[in-house]
Amino acid sequence: MIRLRRKLHIRGALAAYRSSSAARFHMPGHKGGRFALFAGARYDVTELPFSGCLEDASGVVGRAQEDIAELLGAAFAEILTDGSSVGVWAMLYAARAAGAKAVILPRNAHKSAYNACAVLGLRPVPLENPARGGVFLPPSAAQAEAALRREPGAAVLVTSPDYFGSCADLPALRRACDGCGALLLADGAHGAFLRFDGAASDKYAGRYADLWVDGSHKTMATLTQGALLCGRDLRLRASVREALDRFRTTSPSYPVMASVEYGVKLMAERGAALCARVRADLLRAREILLNAGIACFPSETLVLAPDLGTAGLYPHEMAAALRAHGIYAELETDRHLLFYNSPFTPRGALPRLARRMAKLEERLPRSAALPAGPVACTERAVGYAEACAAPFEWVAFADAAGRVCARNAGVTPPCYPVALAGERISEEAAAALGRAAHTFGTEGGKVAVLREQS
């Protein structure tokens with residue numbers, strides 16, 4: 001762990017307990033002893049007089065959240081140990097509490113947003129995503145404003161940045177929401193570091209949204225599942241906390257909580273320099289790849305996404321060749337490989353990766369056909385809520401084209417639904433589900449569809 005000038009409230013309390021000879025007659029069951037799988041288990045505790053409580057934000061947890069809110073420019077901050085998804089659920093719960101009946105959101109919003117709508121009784125109003133180079137882009141502010149005119153009282157949920165590092169026009173969205181009196185919610189799971197990135201801090205969702213989620217573990221020095229839900233208006237905190245009381249675990253991980261506090265404070269002290277170093281390496285890597293005939297998607301974050309399709313290469317072939325050298329990409333599509341970076345990507349790693357790809361490019365098989373663009377169904381046959389509640393059956397992917405989807409189904413990652421409940425499944429969507437290595441909302445090579453009446 002890097003030593004910081006700022007006090008680490010949660011970690012300090014855990015470290016003091018770890019160093020003591022206390023008898024652990026409390027959960028968790030491993031007791032921090034020799035039967036624990038990891039040595040760090042001695043930091044793994046429960047709610048004790050010294051450790052505070054996430055559910056009422058007392059003690060060291062409350063002080064950590066106050067510090068985090070100040071550093072992020074928020075009125076309040078809630079540490080999450082269930083990942084960004086529970087934060088998305090809580091934002092939509094707060095929107096419903098504020099009177100929203102519908103949520104305007106990108107078609108490729110994370111599955112958690114659509115799942116929350118189904119449970120909370122909110123009607124999702126998906127906006128069509130434009131695309132560039134085989135990648136979805138965020139819908140425009142004009143699209144959102146037009147939808148708000150058609151859906152008075154709706155809230156707006158924006159994904160910014162998205163998996164490929166594209167950022168929405170947040171200032172314009174803020175103006176549109178202000179003009180219609182709508183809440184602006186932001187799933188900023190992929191952009192927690194932006195607050196401290198000198199080259200892109202104006203793209204941080206927290207500068208514009210009423211409520212936003214930071215997926216701390218994705219781009220900060222934070223353990224998996226560590227995240228934050230923040231707000232600009234204290235009047236929203238009561239409904240946010242009510243939502244979290246209903247949705248999140250009552251057994252939060254203290255090491256995860258401590259790592260969220262550490263991640264934010266580390267970035268506050270060193271983030272600008274770390275981001276600048278990685279951005280310089282990222283620029284060099286893109287130059288190396290371009291010289292080898294491989295262009296990259298113009299990400300606004302730290303993502304490196306070589307467009308292998310335009311170079312006549314198969315991403316899956318390149319990914320397999322890289323794995324043979326111990327190199328693992330975050331995501332493979334029919335056209336791109338996506339290398340997910342953070343301010344802590346090792347110095348020089350990106351140029352080395354690019355040089356390796358340039359060498360492999362000379363030996364890999366070629367494709368004459370440019371792969372199709374991103375896939376998502378567009379024809380709605382039945383209302384979302386109606387489809388979620390209707391009788392359904394399971395059919396094989398190969399037989400699903402033309403049927404009406406009954407449960408959201410998609411590829412993971414990036415975890416947005418290729419087919420939404422109530423949409424007619426296209427041949428492209430059925431094929432995408434069939435060739436994906438990992439899917440959600442499916443069962444043994446089958447997808448749920450509405451039962452046809454005989």
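For this chain, numbers begin at 1 and follow the sequence in order.
When side chains are defined from C-beta on, I79 counts as touching L228, because their heavy atoms get closer than 4.5 Å. Side-chain contact between D67 and K265 is present, with heavy atoms from C-beta onward closer than 4.5 Å. Between L127 and P106 the shortest side-chain heavy-atom distance does not fall below 4.5 Å. Looking only at side-chain heavy atoms (C-beta outward), K111 and N408 stay at 4.5 Å or farther from each other. Taking 4.5 Å as the limit, every side-chain heavy atom of Q225 sits out of range of all side-chain heavy atoms of S253.
Within a 6.0 Å radius of CD in E128, no more than 12 heavy atoms belonging to other residues, nucleotides or ligands are found.
With C296 as the partner, the side-chain contact (heavy atoms from CB on, under 4.5 Å) test is satisfied by one option alone out of L337, L289, L290: L289.
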Please tabulate, for the side chains in residues 83-101, all donor-acceptor contacts under 3.5 angstrom to protein atoms that are two or more places apart in sequence or on a different chain.
residue : atom : partner : partner atom : Å
Y93     : OH   : E242    : OE1          : 2.8
Y93     : OH   : R246    : NH1          : 3.3
R96     : NH1  : L120    : O            : 3.1

Verdict with reasoning, T301 to H190, per side chain to side chain contact (heavy atoms under 4.5 Å, CB included): CA-CA 9 Å; T301 60; H190 296 285; over 6 Å; no

Intermediate values then yes/no, side chain to side chain contact (heavy atoms under 4.5 Å, CB included), Y340 and T219: CA-CA 9 Å; Y340 201 93; T219 57; 3.9 Å; yes

Check against side chain to side chain contact (heavy atoms under 4.5 Å, CB included), D210 and R232: CA-CA 5 Å; D210 296 296; R232 294 200 307 162; 4.2 Å; yes

Worked check of side chain to side chain donor-acceptor pair (under 3.5 Å) between Y208 and D169: CA-CA 10 Å; Y208 309 96; D169 187 349; over 6 Å; no

V240/F76 under side chain to side chain contact (heavy atoms under 4.5 Å, CB included): CA gap, chis, key distance, verdict: CA-CA 10 Å; V240 164; F76 64 89; 4.3 Å; yes

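Partners of T412 under the side-chain contact (heavy atoms from CB on, under 4.5 Å) rule, at least two apart in sequence or in another chain, are C415, H438, F440.
The aromatic ring centres of Y17 and H26 sit less than 6.0 Å apart.
Between F164 and F297, the ring-plane angle classifies as perpendicular under the 30° and 60° cut-offs.
Remark: the D214 side chain and the Y204 side chain contain an N/O donor-acceptor pair separated by less than 3.5 Å. D187 and H110 share no donor-acceptor pair across their side chains, judged by distance under 3.5 Å alone.
Between the E55 side chain and the D245 main chain, no donor and acceptor come within less than 3.5 Å of each other.
Under the 4.0 Å criterion applied to side-chain N and carboxylate O atoms, R284 and E287 are assigned as salt-bridge partners. Remark: E78 engages R241 in a salt bridge, criterion side-chain N to carboxylate O under 4.0 Å.
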